[in-house]
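Both counts, for ligands and for their atoms, begin at 1 and track the order of listing. In this text the structure is predicted, and so the values were computed from the model without any measurement. Both backbone and side-chain heavy atoms feed into the values below; hydrogens, waters and symmetry mates do not.
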Amino acid sequence: MKTVLITGAAGDVGTHLRRELAGKYQIRASDLRQLKEKLKGQQFMRADISKMSDALRITRGVDAVIHLGGYSVEGPWEGILSANIVGCYNVFEAARRNGVKRILFPTSNHATGYYRRDQTIDHRVYPKPDSRYGVSKVFGEALGSLYADKYGMEVFCMRIGNVNPVPIDKRRLSIWFSPRDLAQLVTIGIEHPGIRFEIVYGVSGNTRSWYDNSNAIRLGYKPKDNSEAYAPEVLRREKPGGDPKAEMFQGGIFVVAEDIPNPAPLPKRKKK
Ligand code: 15L
């Protein structure tokens with residue numbers, strides 16, 4: 001069984017992924033914070049990826065890295081710089097030094113958030129980040145491209161929409177990514193032979209998608225979910241109005257806000 005390191009494993013996406021991949025891979029979960037949910041058989045290593053020594057320690061002896069660590073929303077530049085720029089560099093460089101070839105980089109829809117909602121974009125468009133956070137994701141994609149070309153690493157970039165058990169609002173109907181579709185795409189990223197550098201969109205098979213995700217399909221992705229099933233309920237709840245710029249661009253409030261609290265926390269699980 002392959003050993004897979006998940007950085008940022010305590011976050012929402014990391015938590016979904018640890019549940020979905022349990023038993024399929026030997027999971028090494030790493031985060032600055034303690035895990036809220038411990039899963040049987042999964043190893044935890046506390047680490048601050050802005051320190052190279054920590055990045056080297058957690059990447060030793062793994063077959064693949066899923067680098068979720070860092071800020072997952074818009075935040076102050078100092079935080080983005082150390083967690084998402086320095087931290088991302090450290091993880092790629094530590095993986096290279098430790099001989100780990102395959103890196104999955106969950107980039108974001110915010111790397112291309114300044115494309116308009118009436119446009120359909122594919123994996124070949126140039127980035128149009130909507131925030132400092134979006135810029136940090138473009139940095140990670142560029143670093144991945146460099147490490148693939150220069151060092152022969154295998155880099156799979158997923159521009160993730162919004163991971164949630166259900167789509168939470170109108171914008172998310174276009175970018176929803178169900179946990180099981182996330183697990184399917186990540187599995188392709190880990191297992192597909194011959195990856196050099198790929199960009200795909202991390203979204204379910206949503207009718208309202210503004211992505212042409214043909215590159216993911218080419219690699220074997222067959223999404224099982226479509227947000228349309230939830231559309232009537234989501235649209236009934238949707239309040240009219242909102243900032244016109246946020247409504248015009250794919251990135252939504254990321255194009256106008258300076259700070260964004262987590263807009264999509266995990267629903268509370270009932271204690272058994
Ligand atoms: C992201 O990139 C964030 O990590 C996530 O928390 C959501 O805000 C998502 O984008 C989104 O656009 O909904």
**Prompt:** Which bit of N109 gets closer than 4.0 Å to ligand 1, counting heavy atoms only: side chain, backbone, both or neither?
**Reply:** side chain
**Prompt:** Does K137 come within less than 4.0 Å of ligand 1, judged by its heavy atoms?
**Reply:** no
**Complete:** Nearest non-hydrogen contact to atom 10 (O) of ligand 1 from the set Q250, H110, E74 belongs to H110
**Request:** Report, in ascending order of atom number, the atoms of ligand 1 lying under 4.0 Å from any heavy atom of F254.
**Result:** 8 (O)
**Request:** Tell me whether Y151 is reachable from F139 by hopping between hydrophobic residues (I, L, V, M, F, W, Y) whose side-chain heavy atoms are closer than 4.5 Å.
**Result:** yes
**Prompt:** With atoms numbered from 1 as shown, which atoms in ligand 1 lie under 4.0 angstrom from a non-hydrogen atom of R171?
**Reply:** 11 (C), 12 (O), 13 (O)
**Message:** Heavy atoms only: which of S72, A111, P106 lies closest to atom 6 (O) of ligand 1?
**Reply:** S72
**Prompt:** With the threshold set at 4.0 Å, does a side-chain nitrogen-carboxylate oxygen contact exist between D31 and R33?
**Reply:** yes
**Message:** One thing to verify: whether R18 and E37 come together as a salt bridge, which I'm taking to mean a side-chain N less than 4.0 angstrom from a carboxylate O.
**Reply:** no
**Request:** Under 4.0 Å from a heavy atom of Y133: give me the atoms of ligand 1 that qualify, with their elements.
**Result:** 1 (C), 2 (O), 3 (C), 4 (O)
**Message:** Check contact between I175 and ligand 1, using heavy atoms of the residue and a distance below 4.0 angstrom.
**Reply:** yes
**Asked** Is it true that R180 and E20 make a salt bridge, defined as a side-chain N closer than 4.0 Å to a carboxylate O?
**Response** no
**Close-contact set for ligand 1 against S108 heavy atoms, below 4.0 Å** = 1 (C), 2 (O)
**Request:** Using a strict cut-off of less than 4.0 Å between a Lys/Arg side-chain nitrogen and an Asp/Glu carboxylate oxygen, indicate whether R96 and E93 qualify as a salt bridge.
**Result:** yes
**Item:** Closest contact, heavy atoms only, K137 versus S108
**Value:** CG-CB, 3.9 Å
**Asked** Would G161 count as a contact of ligand 1 if the rule is a heavy atom under 4.0 Å away?
**Response** yes
**Request:** Please work out whether the ring planes of F254 and Y133 are parallel, tilted or perpendicular, with thresholds of 30° and 60°.
**Result:** tilted
